[in-house]
Amino acid sequence: MSSTNYQLHGSTAVITLDNPPVNGLGYDLRCGIVAGIDQATADPAVKAVVLIGSDRAFSGGADIREFGSPKSYAEPNLLTVIRIVEACPKPVVAAIGGVCMGGGLELTLGCHFRVAIAGASIALPEIKLGLLPGAGGTQRMPRIVGVEAALNLILSGNPVPSEKFKGTPLFDEFIEGNGGDLLKGALAFADKVVAEKRPLKRIRDIRIDYPGQEAFFQFSRNMVKGVAGPFPAPFKCIDAVQAALTKPFDEGMKFERACFIELMGTPESRALRHAFTGERAASKIPDVPDDTPARKIARVGVIGAGTMGGGITMNFLNAGIPVTMLEMKQEALDKGIATIRKNYENSMKKGKLTQEKLDQRMGMLSGTLSYDDFKDADLIIEAVFEEISVKEAVFKQLDAIAKPGAILASNTSTLDVNKIANFTKRPQDVVGMHFFSPANVMKLLEVVRGAATAKDVMATVMQVAKKIKKTAVVSGVCDGFIGNRMIEHYGRVAGFLLEEGATPAQVDKALEKWGMAMGPFRMGDLAGNDIGWAIRKRRYVEKPSIRYAKFADKLCEQGRYGQKTGKGWYLYQPGNRKAIPDPEVDTMLEAYRKELGITPRKISDAEIVQRCIYALVNEGARILEEGIAARASDIDMIYLTGYGFPLHRGGPMLYADEVGLYNVARSMKEFAATSGDAFWEPAPLIAKRVADGKSLT
Ligand code: 3HC
Ligand code: NAI
């Protein structure tokens, strides 16, 4: 199947890249380009060639969907394609419009000339996938725009508007105008090149020199050291760009290739690529087609002006959507609105917001004590107390006043969304929108699909999520949904580690060193240990078969709720969030172990990490098997965007695959045998995937 069109315009052959959505340079497209160049070369009537993409994209680069498959390297691979384009005896002009990224930009660097249109977006984003430009970008870009500009592009990976390169040798001509003018301009330019008999410009032949390069590269390496973290790609990018100066072109290309292949095989790159595709996959719901008509969301209502209600409201104001916030008492309403204003004022002090923007946003916010003011709302989200009777009263009132078709959402973190939906006579319009605290900052939004939730409600909420810049992941209804259901077991296992001999600080440090943003005990202190306590008290009644280490309860009985009470697992100085290990907690722990007759043992950091992270994996696998999550990558997106899971490990499910599911299952069985905890029996899905030789992701 060809992914290009070939057409003659006078004496110029136009090869149009046609591989939606963004002209990823997949196998078919690569074959199409080579066939077009061959045809143009063979046709004596053809004097020049124009390569052009769609209005949306010249090309988004190598086809990410092909990565890891044999097709990705199949000849003609991208390097071969670029070599063939560069060797073409007739002038080849790249017409750059829309997105021109990665391998797409590298393809244009193999062309003899480049024309670009205003508003095009130029980038070498490979570093964001843990890679470096692997089709000559590190060798050709410094030759055409200079070493510093090239390294900036390569190390940041950020898109730059084409205007920024206007007047530089990157573009032989810059076309002001809109999409339709690009082809016209490129054809006119091709005619000019032919008429003037301009010699073909091959970037590979440009000689570059950069006095003081050693100092510059040393400086760059020092800069990168501070920001690269565990990722190897930034250093390789610098090495490869330096090779453009120190090696002849072909050797530089070989060096770049070797670095690219090395990076492609790193777990860090696999994790970043998994996160990239995972984020896009999460926005799709298998039985809700992309073209499902969405409901219009022009006005939003938020009930409850507390911690969550305020943050939720800010998301919509930031996106330019007016919000009416409802409270029970004027005082609470005033307080909620004042908090929002204060947050914006803080952003202004940090230079992140102008007074004008602040006024604009506050101008879109109104407060009310009456449900009547929700009559026009298209989406109403409640964030009231976490009690089913309170939710019942709220949803009954909403049912009575909301206009037909309005979406009624609950921010509940633990309650049954189906039950809540059934408080109304329109369960099809009810959905869970589980934001994470602070709701105006955290990227994650769990969208909880009730048994009756209509498909267009799901489509609408996913669209709204994009508008307010959240990573939305769909969860089925279950206790804790995806994220909190898993974290409960992580916390439970961490509790047993204390019983057996570890300290809170040791557990936290081990997990933080491994990459978690915060260990479980520091996290508990931040969120409030009373929240977990309330959940456990419920579990003791509802699910007496689940075992818990009871030490956390002892702590709560003493009012050690965490930061808010100045004491929890750690001590806190007033106004300071720094967790200080508390010898009193250690003494309490020792007494507790004695009470249970446990002789403490030395526990290694590796064991701490294994037990806590595999607890996430096992519960995640159950969630996947039950269909609560549609894909393993959805679970990983939740952990990457909502729970501080280290990006370079890609999420618990990918991590399990990296360790090897067989090894993970073996460790789980060991834990089951030593602890007697039925939880550790590997989830049936894990056992099955191990038996089939398959992975989770
Ligand atoms: N290959 C294949 N599909 C791609 C793609 C690519 N390189 N880039 C994006 N897509 C797909 C997405 O998966 C998505 O598909 P869907 O509609 O089925 O979900 C669709 O294009 C649209 O993507 P977005 O939702 O991200 O749309 P935006 O308009 O917001 O952004 C974009 C478009 C700027 C191209 C953005 O997708 C992006 O940054 N893509 C990554 C580009 C990239 O990293 N390229 C480098 C690849 S590595 C490389 O080229 C190696 C070379 O050096 C050898
Ligand atoms: P909060 O106590 O800070 O705020 C709740 C607000 O709702 C209070 O201002 C209260 O006056 C108001 N309220 C109570 N009943 C009301 C009613 N009938 N009508 C109007 N207003 C009413 O609580 P928070 O933390 O904001 O939690 C709200 C909801 O969000 C709960 O369901 C909670 O489980 C959920 N949630 C909380 C998270 C958190 O980290 N705090 C995270 C995710 C969800």
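Throughout, residue positions are numbered sequentially from 1 according to the sequence presented. Note that ligands are numbered from 1 as they come in the structure, with each ligand's atoms numbered from 1 the same way.
Residue K342 holds its NZ atom at 15.5 Å from CD1 of I337, rounded to the nearest 0.5 Å. To the nearest 0.5 Å, atom CG of residue N411 and atom CD of residue E446 are 10.5 Å apart.
Not close to ligand 1: G137, with no non-hydrogen atom less than 4.0 angstrom away. Heavy-atom distances between V22 and ligand 1 reach below 4.0 Å in at least one pair. Residue contacts with ligand 1 do not include E66, since none of its heavy atoms lies under 4.0 Å from the ligand.
Residue contacts with ligand 1, taken as heavy atom pairs separated by less than 4.0 Å, do not involve K128 at all. Contacts with ligand 1 closer than 4.0 Å are made by side-chain heavy atoms of P21 only, the backbone lying farther away. At a heavy-atom cutoff of 4.0 Å, ligand 1 is contacted by the side chain of L129 but not by its backbone. Contacts of I64 with ligand 1, taken as heavy-atom pairs under 4.0 Å, involve both backbone and side chain.
Of all atoms in ligand 1, listed by their number and element, those nearer than 4.0 Å to a heavy atom of P133 are 53 (O). Near F67, with a cut-off below 4.0 Å to any heavy atom, the atoms of ligand 1 are 48 (S). Counting the atoms of ligand 1 from 1 in the order shown, those under 4.0 Å from a heavy atom of E106 are 52 (C), 53 (O), 54 (C). For ligand 1 and P125, the ligand atoms under 4.0 Å from any heavy atom of the residue are 43 (C), 44 (O), 45 (N), 46 (C).
The nearest pair of heavy atoms linking G102 to P125 is N-CD, 3.3 Å.
Among E126, R257, R273, K284, the residue whose heavy atom sits closest to atom 17 (O) of ligand 1 is K284. Remark: among candidates G102, A57, G60, the nearest residue to atom 45 (N) of ligand 1 is G60, based on non-hydrogen atoms.
When distances from atom 53 (O) of ligand 1 to the protein are checked, a heavy atom turns up under 4.0 Å. Shown here, atom 32 (C) of ligand 1 is out of close reach of the protein: none of its heavy atoms lies under 4.0 Å off.
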Please tabulate, one line per pair, the protein nitrogen or oxygen atoms found under 3.5 angstrom from a nitrogen or oxygen of ligand 2, with distances to 0.1 Å, or say none if there are no such pairs.
| from | atom 1 | to | atom 2 | distance (Å) |
| --- | --- | --- | --- | --- |
| ligand 2 | 3 (O) | T307 | N | 3.0 |
| ligand 2 | 3 (O) | T307 | OG1 | 3.0 |
| ligand 2 | 9 (O) | E327 | OE2 | 2.5 |
| ligand 2 | 11 (O) | E327 | OE1 | 2.8 |
| ligand 2 | 11 (O) | E327 | OE2 | 3.2 |
| ligand 2 | 26 (O) | T307 | N | 3.4 |
| ligand 2 | 26 (O) | M308 | N | 2.8 |
| ligand 2 | 30 (O) | N411 | ND2 | 2.9 |
| ligand 2 | 32 (O) | V384 | O | 3.2 |
| ligand 2 | 32 (O) | E386 | OE1 | 2.5 |
| ligand 2 | 32 (O) | K391 | NZ | 2.7 |
| ligand 2 | 34 (O) | E386 | OE1 | 2.9 |
| ligand 2 | 34 (O) | S413 | OG | 2.8 |

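Every pair tested for salt bridge (charged side-chain N to carboxylate O under 4.0 Å, His left out) that includes a residue from residues 323-340 fails, sequence neighbours excluded, so the list is empty. For residues 459-469, no residue pair satisfies the salt bridge (charged side-chain N to carboxylate O under 4.0 Å, His left out) rule, not counting sequence neighbours.
When only interatomic distances are considered, the shortest N/O to N/O separation between M101 and ligand 1 does not fall below 3.5 Å. When only interatomic distances are considered, the shortest N/O to N/O separation between K466 and ligand 1 does not fall below 3.5 Å. For ligand 1, the polar-atom distance check finds no N/O of V99 at less than 3.5 Å from any of the ligand's N/O atoms.
Salt-bridge formation is detected for the pair R204/D250: a Lys NZ or Arg NE/NH1/NH2 atom is positioned less than 4.0 Å from an Asp or Glu carboxylate oxygen.
Cation-pi geometry between R280 and F276 is met: under 6.0 angstrom from the ring centre, within 45 degrees of the axis.
Partners of K284 by side-chain contact (heavy atoms from CB on, under 4.5 Å), not counting sequence neighbours, listed by chain and number: D290, R631.
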